[in-house]
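Working notes for the structure below.
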Amino acid sequence: DGDPDGKIIFRNYNGEEVKPFNDSNTKQLETMRIDCRSVWFWGINAWRKHTDRYNYPGPGSVWWVRNQSRNGVKLIHCWGSEGSNGLFMDSDYGNAEIYGCGFFHSGVDQQARAHGIYCHHTRDSFVAASRLKITDCFSFDHLGSCLQIFASASPEQLDDIDVLRFTAWG
């Protein structure tokens, strides 16, 4: 767990590639599971099993931001591929930012599942005016939705969500 003044940052260095890989078929086993506050991931290229495409709910998402995260989670220039979702975010995580990330090739069937980015957002009682920001991201080649966002109390909580320059196709 970090705090706002002492963030924990996981990142790649120039010329290096950080590529966590998960080839398990076990349900609810994610490649990257975030359970803490004030943690940033920068330039991480996370994958599920390369040859299989999973439906949702399937073996697990590539990235999962859990309720326990509470505040200050950032994904910056990260990738997610395969999995039952590229990025799944629980509802009560406080402020979160997704910047310059790409999610692709999730899902196995044509039902409304296996999304690129699948986010729930609730005004967090622990963080005043909590926001979800998704900026300069793209999502493609999914057999579910490229972007699916829920607010727990529409329409007023939709004001807590910013999506800027998002590209989706396929």
Side-chain angles (χ1 to χ4, degrees), residues 1-14 16-49 54 56-104 106 114-139 147-153 157 159-164 166:
D1 236 11
D3 63 56
D5 297 323
K7 295 173 234 7
I8 299 171
I9 300 174
F10 296 92
R11 65 165 296 174
N12 66 340
Y13 287 98
N14 235 354
E16 292 183 350
E17 182 178 23
V18 177
K19 191 173 183 178
F21 175 74
N22 181 350
D23 69 352
S24 172
N25 287 330
T26 304
K27 269 190 176 238
Q28 301 305 317
L29 183 60
E30 295 68 37
T31 305
M32 300 295 289
R33 182 174 175 171
I34 304 168
D35 286 324
C36 53
R37 299 171 295 178
S38 299
V39 62
W40 296 9
F41 293 87
W42 199 329
I44 309 296
N45 186 1
W47 293 77
R48 291 285 305 179
K49 190 173 182 181
Y54 301 110
Y56 174 77
S61 297
V62 179
W63 293 89
W64 184 15
V65 178
R66 298 199 58 216
N67 285 338
Q68 291 85 345
S69 301
R70 284 292 176 232
N71 199 24
V73 171
K74 291 186 183 185
L75 299 182
I76 305 166
H77 299 290
C78 291
W79 291 79
S81 181
E82 317 304 324
S84 58
N85 290 297
L87 168 65
F88 182 87
M89 299 179 78
D90 281 335
S91 57
D92 199 14
Y93 48 77
N95 289 305
E97 292 184 42
I98 313 302
Y99 179 80
C101 294
F103 303 97
F104 58 96
S106 292
H115 310 297
I117 300 176
Y118 186 23
C119 301
H120 297 255
H121 191 266
T122 303
R123 285 192 177 139
D124 191 332
S125 56
F126 296 98
V127 181
S130 61
R131 300 192 68 76
L132 168 62
K133 296 179 182 178
I134 299 174
T135 307
D136 293 329
C137 292
F138 63 90
S139 182
L147 174 64
Q148 186 169 2
I149 298 177
F150 293 96
S152 63
Q157 287 194 5
D159 292 338
D160 299 337
I161 300 169
D162 296 321
V163 179
L164 305 168
F166 182 83

With sequence neighbours left out, what residues match W79 under side-chain contact (heavy atoms from CB on, under 4.5 Å)? N45, F104, F138
Exactly one of I149, L75, L164 should register a side chain to side chain contact (heavy atoms under 4.5 Å, CB included) with I134. Which one does? I149
Closest non-hydrogen contact found for V62 with A46 is CG1-O, 3.3 Å
Mind checking what makes side chain to side chain donor-acceptor pair (under 3.5 Å) contact with D162, not counting sequence neighbours? R131
Under the criterion side chain to side chain contact (heavy atoms under 4.5 Å, CB included), I'd like the reasoning laid out for C101 against L87: C-alpha separation, chi angles, the key distance, then a yes or no. CA-CA 10 Å; C101 294; L87 168 65; over 6 Å; no
Do C36 and I8 have side chains that approach each other closer than 4.5 Å (heavy atoms only, starting at C-beta)? no
Is there a side-chain contact between S139 and L147 (heavy atoms, below 4.5 Å)? no
If you apply the rule side chain to side chain contact (heavy atoms under 4.5 Å, CB included), what do you find for V73 with M89, and how did you get there? CA-CA 11 Å; V73 171; M89 299 179 78; 5.7 Å; no
Residue set satisfying ring pair (Phe, Tyr, Trp, His ring centres under 6.0 Å) with F166, at least two apart, ordered chain then number -> none
Pick from I161, V163, N95: which one makes a side chain to side chain contact (heavy atoms under 4.5 Å, CB included) with L132? I161
Spacing of NZ belonging to K133 relative to CD belonging to E97, to within rounding of 0.5 Å: 5.0 Å
What one should report as the nearest heavy-atom pair of C78 and G43 is SG-N, 3.8 Å
Under the rule for side-chain contact (heavy atoms from CB on, under 4.5 Å), what residues qualify as partners of D136, not counting sequence neighbours? Y99, R165
Determine, stepwise, if the pair W47 / T31 fulfils side chain to side chain contact (heavy atoms under 4.5 Å, CB included). CA-CA 7 Å; W47 293 77; T31 305; 5.9 Å; no
Identify, with sequence neighbours excluded, every residue that meets side-chain contact (heavy atoms from CB on, under 4.5 Å) alongside E16. Y13
Heavy-atom side-chain proximity of W63 to I34 below 4.5 angstrom: yes
Between D90 and W64, do the side chains contain an N or O donor and an N or O acceptor separated by less than 3.5 Å? yes
How far does CD of E17 sit from CD1 of I44, to the nearest 0.5 angstrom? 10.0 Å
